[in-house]
Amino acid sequence: MSGAEEEENAAELKIGDEFLKAKCLMNCEVALILDRKYEQLQQMSDDPMNQVSQVFEKSLQYVKRFSRYKNPDAVRQVREILSRYQLAEFELCVLGNLCPETVEEAIAMVPSIKSRGRAHDDDAIEKMLNDLSLIKKFE
């Protein structure tokens, strides 16, 4: 292994500067964007020969299938709630996509939330998960 490969470790949030600075989207956010684009393409094209690409359709199907939140307001609330906890974009999206139900699951999925420096205690993680479950419950 090269030195660069050994340095990267998502569990410790060592994922490279480019990735840390990148804006990540949850599947539910991508689904909203692609759905809107799909509607626009359908409205613009009366010609049945001018159809949406298969890759576009498969991508839309994928993000819809794996989106935990469907309602646009719920999607916005999820990002707002997770943003309150000073999570990296990567962490925010993993938690928003996978929706862990317990503190142990959250830590197993995103070990960096308990890592040095900015570690969240179990109570804070529990509150975050409860807030997310309320959104899902009332969606």
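A quick note: this is a predicted structure, and the numbers were derived from the prediction, not measured.
Heavy atoms only, all atoms of each residue included: Val63 and Ala31 are closest at CG2-CA, 3.5 Å. When all heavy atoms of Val78 and Gly96 are compared, the closest pair comes out as CG1-CA, 4.5 Å. When all heavy atoms are compared, the tightest approach of Leu92 to Ser83 is CD1-OG, 3.6 Å. Counting all heavy atoms, side chain and backbone alike, Asp122 lies closest to Lys114 at OD1-NZ, 3.1 Å. Across all their heavy atoms, Arg79 and Leu25 have their closest contact at NH2-CA, 4.0 Å.
In this structure, OG in Ser59 is found 13.0 Å from OH in Tyr38, a value given to the nearest 0.5 Å. We find the CG-SG distance between Leu82 and Cys93 to be 8.5 Å, quoted to the nearest 0.5 Å. From Cys99, atom SG reaches atom OH of Tyr69 across 3.5 Å, with rounding to the nearest 0.5 Å. Atom CD1 of residue Ile113 and atom CD1 of residue Ile125 lie 3.5 Å apart, to the nearest 0.5 angstrom. Once rounded to the nearest 0.5 Å, the distance linking CD1 of Ile81 with CZ of Arg76 reads 10.0 Å. Expressed to the nearest 0.5 Å, how far CD of Gln43 lies from CD of Glu39 amounts to 7.0 Å.
Side chain of Glu91 to main chain of Ala88: a donor-acceptor pair is present (N/O by atom type, distance under 3.5 Å, no hydrogens or angles). Looking at Glu89, its side chain does come within 3.5 Å of a backbone N or O of Cys24 through a donor-acceptor pair. With Gln86 contributing its side chain and Arg84 its backbone, the two residues share a donor-acceptor pair below 3.5 Å. Of the possible donor and acceptor atoms, none in the side chain of Asn27 sits under 3.5 Å from a partner among the backbone N and O of Asn97. A distance-only check finds a donor-acceptor pair linking the side chain of Glu29 to the backbone of Met26 [under 3.5 Å].
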* Could you please spell out the steps behind the salt bridge (Lys or Arg N to Asp or Glu O under 4.0 Å) verdict for Lys64 and Asp35? => CA-CA 9 Å; Lys64 280 185 168 184; Asp35 212 23; 3.2 Å; yes
* To do: Kindly determine whether Gln42 and Val52 satisfy side-chain contact (heavy atoms from CB on, under 4.5 Å), including the steps that lead there.
  => CA-CA 8 Å; Gln42 293 299 325; Val52 177; 3.6 Å; yes
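No side-chain heavy atom of Leu60 sits under 4.5 Å from any side-chain heavy atom of Val30. Side-chain contact between Phe66 and Cys28 is absent, with no heavy atoms from C-beta onward closer than 4.5 Å. Residues Tyr85 and Lys127 are in side-chain contact: their nearest non-hydrogen atoms beyond the backbone lie under 4.5 Å apart. In this structure, Leu95 and Met128 have side chains that are in contact, with non-hydrogen atoms separated by less than 4.5 Å. Contact annotation: the side chain of Asp131 never approaches that of Gln77 to less than 4.5 Å [non-hydrogen atoms, C-beta and beyond].
The 12-atom threshold is not exceeded at CD of Glu101, counting heavy atoms of other residues, nucleotides or ligands nearer than 6.0 Å. Counting heavy-atom neighbours within 6.0 Å of Gln54 CD, excluding the residue itself, gives a total of 12 or less.
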Please output the side-chain donor-acceptor pairs of residues 132-139 that fall under 3.5 Å, not counting sequence neighbours, one pair per line with the distance.
residue, atom, partner, partner atom, Å
Ser133, OG, Asn130, O, 2.8
Lys136, NZ, Arg68, O, 2.3
Glu139, OE2, Lys70, N, 2.5
Glu139, OE2, Asn71, N, 2.7

